[in-house]
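In each ligand, atom 1 is the first atom listed, and ligand 1 is the first ligand listed.
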Amino acid sequence: VLLKILGGGDEIGAQCFFLKPDNKTNVVIDCGIRLKNNSLPDLNWLDDKKVDFLFITHGHLDHAGAAPVFASRHPETKIRMTYETAIIAKILLADTLKVARKQDRPSLYSKSQFDDFMNRVEVAEFGEWSKISESTEVCCWPAGHIRGASSILVKRRLGYNREKRLMVTGDLSFTDTPTVQGAKPLPKEFSWTNTLITEATNGMLALPDRRSEEQRLIDRVKQVQARNGHVLIPVFAVGRAQDVALTLAQAGIKLWMGGLAQKVLKSQAYDWDWFHPNIKLFERLTGDPVNLLADSRQPQVIVTTSGMMEAGKSKLFAHRWAGDRKNAIFIPGWQAEETLGRAMLNVRSGDWIEFPGLTPDRQQVHAEVEAFHLSAHADGPQLAEWIYSVLPYHVIVAHSEERGYKGLFRELKARGFRNNVRRAKNGKQFTFRY
Ligand SMILES: [Zn+2]
Ligand SMILES: [Zn+2]
């Protein structure tokens with residue numbers, strides 16, 4: 001087996017792994033972009049190779065954002081993912097095109113490349129094994145995280161009664177949320193995996209219990225409403241947006257949802273009775289939601305993109321509401337450095353914050369700002385417990401910054417895990433003898 005890391009090794013973004021499970025078969029797993037600058041994984045390395053299959057673990061752009069580019073360069077490749085991953089990828093990839101057009105800058109792929117990619121998608125059912133060569137089978141396995149997200153299981157037959165197993169986790173979570181159940185226990189034979197390639201986004205953290213964190217958010221929102229203040233909750237479009245909205249709606253809190261998050265919510269509402277009456281959508285409003293809601297006498301709760309308040313309606317509501325001490329900005333997700341969201345988290349009441357592009361271009365913050373941990377990734381102790389139970393001979397840690405890797409490494413060693421644990425690095429190649 002050969003594994004080559006083309007992106008997403010020692011970083012969170014541009015995930016792309018090349019895998020050769022047997023001599024005849026070339027597989028690529030994920031093809032994402034770096035969200036900070038839209039850059040690609042090392043697709044050039046694949047140029048002289050025939051790739052038989054591309055599997056996409058889930059719809060987030062750090063896993064699927066470069067897939068149309070890959071597809072246009074590899075017309076020979078079969079493309080597989082779950083149905084819900086295809087729906088989410090379609091919404092996010094189309095939005096990327098739209099944003100590039102609006103900002104009048106070139107996009108990574110054209111509309112026709114995007115259409116070609118979507119047309120070539122073959123739907124993979126969760127838990128169903130499919131043969132990709134004489135000796136090798138692949139299966140998508142529920143990974144929690146967001147709707148449709150899967151781990152990729154690979155098994156290769158080596159003569160009578162002998163089998164080798166490899167697994168790529170994709171993004172992984174063991175905790176149930178309102179929109180998705182935690183990762184399903186692996187099929188029995190995979191409780192002995194030879195090679196595990198795992199994410200470790202939160203490897204350095206021990207997260208608080210999700211239920212109590214959800215309850216804390218509900219309580220805090222109700223407190224702000226009781227003092228007649230508005231609440232802004234900036235969210236990422238897929239996963240956290242719907243989870244946060246449903247958590248609040250089910251607790252009896254009426255809220256407005258905006259941005260791309262509404263589109264994703266509607267796409268997931270087809271077989272869903274959780275399309276909750278307490279969730280109202282911006283698109284139902286006739287007129288600009290900021291003008292209509294920001295000065296409302298009624299206290300409003302707004303759940304909208306972008307997640308780090310760099311753009312979109314969340315930035316505009318933050319600009320309007322930050323100055324009033326009755327209001328609150330509750331931040332449920334990770335904030336990258338040098339974003340408005342990160343600046344907001346570090347603010348102390350009375351500090352000034354820059355709002356580039358808006359008038360006035362700075363505001364004095366008096367609103368309450370608080371972080372909540374509603375992560376869609378397993379933390380260090382959860383990952384380590386799980387890896388210990390799967391007992392892989394090789395562990396390759398990807399999809400993490402240095403501290404994520406180190407955190408997971410520490411947790412594993414603390415549990416007496418003695419097998420190989422290595423860090424994936426972009427450009428690095430691993431070979432495993434079966
Ligand atoms: Zn993800
Ligand atoms: Zn990811």
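The distance from the Zn ion (ligand 2) to the nearest N/O/S atom of His58 is not under 2.8 Å. Residue side and main chain included, His60 places no N/O/S atom under 2.8 Å of the Zn ion (ligand 2). Among the atoms of His377, no N, O or S atom falls under 2.8 Å of the Zn ion (ligand 1).
The existence of a salt bridge linking Lys266 and Glu283 is confirmed by a sub-4.0 Å separation between a basic side-chain nitrogen and an acidic carboxylate oxygen.
Taking the six-membered ring for Trp and thresholds of 30 and 60 degrees, Phe432 and His394 have ring planes inclined between 30 and 60 degrees apart.
Side-chain contact annotation: His377 with His399, donor-acceptor N/O pair under 3.5 Å absent.
Among heteroatoms of the N, O or S kind in Asp62, OD2 lies nearest the Zn ion (ligand 2). For His63, the N, O or S atom closest to the Zn ion (ligand 2) goes by the atom name NE2. Summary: OD2 is the N/O/S atom of Asp171 found nearest to the Zn ion (ligand 1).
Looking at Arg240, its side chain does come within 3.5 Å of a backbone N or O of Leu374 through a donor-acceptor pair.
Nearest heavy atom pair, residue Arg422 against residue Tyr405, reads C-CE1, 3.9 Å.
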